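What follows is one structure encoded as structure tokens, with my remarks underneath.
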Amino acid sequence: MSNKKLLLKTTNSFLVYAVMVLLIAAPVFYYICQWLYVYETDEVLLFHKGAFIKESHKNYSAADIAAWNKYNPNISIGPDMGLNNDSIVGEMLLEAVANDKEPFRILYAPIDINGKRYTYVEKRNLVEMEGMVFSIAAMFLIIIIILLTGIIWISKKTASKIWKPFYNTLNQIENFEIDKNNPLSFIPTGIDEFERLNKSLERLIEKNTAIYKSQREFIENAAHELQTPIALFQTKLDTLQQLDLDKEQSLLVGSLNKDVYRLNRLNKNLLLLSKIDNEIYVEQDSFVLNKYIEKHLDFFTEQAKSRNLKINIDFKENLIVKGNSTLTEVLINNLFLNAIRHNIKDGLINIILENNTLKFTNTGSEIPLTEQNIFNRFSKVNPSSQGNGLGLAIIKKICNISHWNIRYIFNNNLHIFEITF
Amino acid sequence: MKILIVEDEREIAQSIKEYFKTNGIQCETAENYDLALTKINNYDYDCILLDLMLPGGDGFDILKELKAKNKTEGVIIISAKENLETRLEGFNLGADDYLTKPFHLAELLVRMRALIRRKNFKGSNSIIFNEIVIDIFSKTVSVNDIKLDITKKELDLLLFLIGNENKVLSKSAIAEHLSGDMADMLDNHDFIYAHIKNLKKKLALAGGADYIKTVYGLGYKWENE
């Protein structure tokens, strides 16, 4: 169902009503006019008859009647037709002047002249009246149309004025983002319902922003506070491993060292995420992306060696992008690490730069990742992997705030992360 | 050699102290701002390890005080704060190095030694360990006067091992040291094995003794036989 605009909707029902009234009223009005006219004509006919009788035409002789009939084309006194009551009929008769059949009203009435019964016949042409009915109906229509358009126009104008604060509120809500620092300011409306709407929205947003802020602060504070115990843990491990340990103890301390490394990395990633949230990295630069891929190529090549991975680089262009250079470096490093970490032995990594896009392609699990949640925090595909489930969340976040588009594709048993700048 | 550890976390200070003690480094500790200032004003140290967030004051003010008193101690900032601004401000105020918590004690020890070496520089800057001579400036290593063909990574590794003489070094400490800024991007720590192997081979070929001992399941140790 397509949504209509509020103002359109109210005027629409107005219009529908107006058209309906017009459609019904026009013929009804036409027939009423016609009926009235016929009624009036009949009255006139009866009135003429009454006048004829009253003006003592009852003393007319046969010769008078003949003369009357001669000079009155519309009234004729004929021999008795056997009527007892007046009767008026509508008939189409040939009109001599127009030489066409036209509607007439004809009165047949019994009258007595000189004690003898006659039939009084009077006809009246309805044609001039027909034209009048049409002009009256047309005028009536024009008045109704003017009235309706006026009403619609005025109601539209006042409605848009009345709803203006509503649209203002709507626009502000649409542009509101909880992670951005742009407080809302609703204009005073002077309308009770809108004031209530704005007040409740303000309260809702204020509350949510407060919750959001405290959560964000919580992550940041938690990460900060964790640094000290991790530091203590690390230094104590360093001290512990100087003692005379047997093989079993050595192994344990060795794996503890790995754990504390992971713990530290996880903590740093959480800090990084909250720093991005807190808009620490807002400076924008233009730079050649190729440089950032080459920068740590040696490092990642060395990391890839333990799995005997082959890294192919294919730069089809020098891609200049605009963004924060620190975050871009983090982004590239995380993509690189991701491609190594989730790879298979003797696997492959392709890095392609073309058509304003960067593609990291790697071999790995034969099952595609589920696209909906791979970029969520702590959504780990392989629970035993070294990753902490934040790498892709960081990648996604950096793409988001830099307005770059990231896509995951699984094709030919290859996992592809594609960023369009 | 005498150093001052300005650190409010007593257990960290204690760990550093113990770790350094066996390498002949005498440590004094100050756990708050005032105590740190008193000690700095009354004694001379070879090096100061400085935490930034202290009870009673800011670590940066201690740097300013040192500058004002024309003290020449080398300063390594050890802080949980990890951002460029803090780092740059530290260097601007006269700090010589910056190490983010958490860190490996081995890392702190080599950095401190490098700093003291730079401070006490008298014409030549070389490290001599029995038959091994490392020239820091020209980045060359000779064993029994035979110059080794050594990579930058291997030189780094050798300096790290010798700097932590007789200490058991975990693989992660070595891997993180060799990776520098990229230490957080390690997929595994096994790559150091190749570097250790190559370094051992090169030292042995030149007639050097086998100082590098493998500690089962844990790491390596540079041991003077």
Side-chain angles (χ1 to χ4, degrees), chain A residues 224-243 245-261 263-265 267-269 271-272 275 280 295-296 298-300 302-307 326 329-330 333-334 336-337 340-341 343 386-387, chain B residues 7-19 22 51 53 78-85 100-109 153 164 166-173 175-176 178-195 215-219 221:
Chain A
H224 259 304
E225 289 306 315
L226 271 171
Q227 267 175 318
T228 304
I230 294 174
L232 276 168
F233 193 15
Q234 181 69 75
T235 49
K236 280 178 185 169
L237 264 184
D238 286 350
T239 313
L240 174 65
Q241 72 199 21
Q242 306 311 323
L243 304 178
L245 303 176
D246 62 28
K247 278 192 172 184
E248 205 176 337
Q249 292 163 335
S250 275
L251 263 178
L252 269 173
V253 175
S255 66
L256 274 177
N257 262 309
K258 275 186 208 151
D259 297 338
V260 77
Y261 172 78
L263 190 59
N264 186 26
R265 218 185 96 86
N267 202 42
K268 281 187 174 171
N269 280 341
L271 262 179
L272 176 67
K275 272 187 193 167
I280 304 278
K295 189 173 176 187
H296 298 298
D298 287 345
F299 173 82
F300 287 111
E302 183 161 48
Q303 289 293 305
K305 251 185 210 156
S306 66
R307 252 174 260 198
T326 311
E329 198 175 327
V330 173
N333 289 346
N334 273 289
F336 234 134
L337 183 60
I340 293 172
R341 185 165 281 169
N343 222 313
Q386 280 282 305
Chain B
E7 162 71 66
D8 64 325
E9 204 62 52
R10 210 176 289 191
E11 290 190 63
I12 289 183
Q14 201 54 38
S15 289
I16 297 172
K17 198 172 172 177
E18 266 170 45
Y19 192 86
T22 48
D51 189 5
M53 287 178 282
I78 45 173
S79 170
K81 284 190 190 170
E82 193 189 25
N83 59 61
L84 199 60
E85 287 74 30
T100 319
K101 282 179 195 170
F103 50 77
H104 286 281
L105 292 174
E107 183 67 34
L108 180 62
L109 182 57
K153 277 265 165 73
N164 281 289
N166 289 325
K167 290 272 191 270
V168 176
L169 300 173
S170 63
K171 279 188 222 161
S172 55
E176 284 169 55
L178 293 184
S179 305
D181 290 342
M182 295 296 282
D184 294 332
M185 288 286 153
L186 291 169
D187 177 45
N188 63 70
H189 298 146
D190 299 333
F191 72 97
I192 63 160
Y193 175 72
H195 293 301
V215 183
Y216 178 80
L218 225 173
K221 185 179 186 179

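Just so we're on the same page: letters track the sequence lines, and every chain starts at 1. Given the structure is predicted, the values throughout are model-derived calculations rather than measurements.
Heavy atoms closer than 4.5 Å to chain B are found in both the backbone and the side chain of N333(A). With a 4.5 angstrom heavy-atom cutoff, L169(B) touches chain A only via backbone atoms. Contact annotation for Y216(B): both backbone and side-chain heavy atoms come within less than 4.5 Å of a heavy atom of chain A. Looking at E18(B), only its side chain comes within 4.5 Å of chain A, counting heavy atoms on both sides. Contact of D181(B) with chain A is not made at all, since no heavy-atom distance falls under 4.5 Å. In this structure, chain A has a heavy atom under 4.5 Å from the backbone of A183(B), while its side chain stays farther away. Only the side chain of H189(B) comes within contact range of chain A, with at least one heavy atom under 4.5 Å from a heavy atom of that chain. Both the backbone and the side chain of K167(B) come within less than 4.5 Å of a heavy atom in chain A. Heavy-atom distances place no part of K305(A) under 4.5 Å from chain B, backbone and side chain included.
Distance CG/L186(B) to NZ/K258(A): 12.0 Å, rounded to 0.5 Å. For the atom pair CD (E11(B)) and CZ (F233(A)), the distance works out to 13.0 Å, reported to the nearest 0.5 Å.
Ranked by heavy-atom pairs shorter than 4.5 Å toward chain B, the options D238(A), I340(A), N267(A) are led by D238(A). Of the listed residues L232(A), N269(A), I230(A), the one with more heavy-atom pairs under 4.5 angstrom with chain B than any other is L232(A). Ranked by heavy-atom pairs under 4.5 Å with chain A, the list G217(B), S15(B), P102(B) is led by P102(B).
For the residue pair D190(B) and S306(A), no side-chain donor N or O sits within less than 3.5 Å of a side-chain acceptor on the partner. When only modelled atom types and interatomic distance are considered, E302(A) and H195(B) share a side-chain donor-acceptor pair under 3.5 Å.
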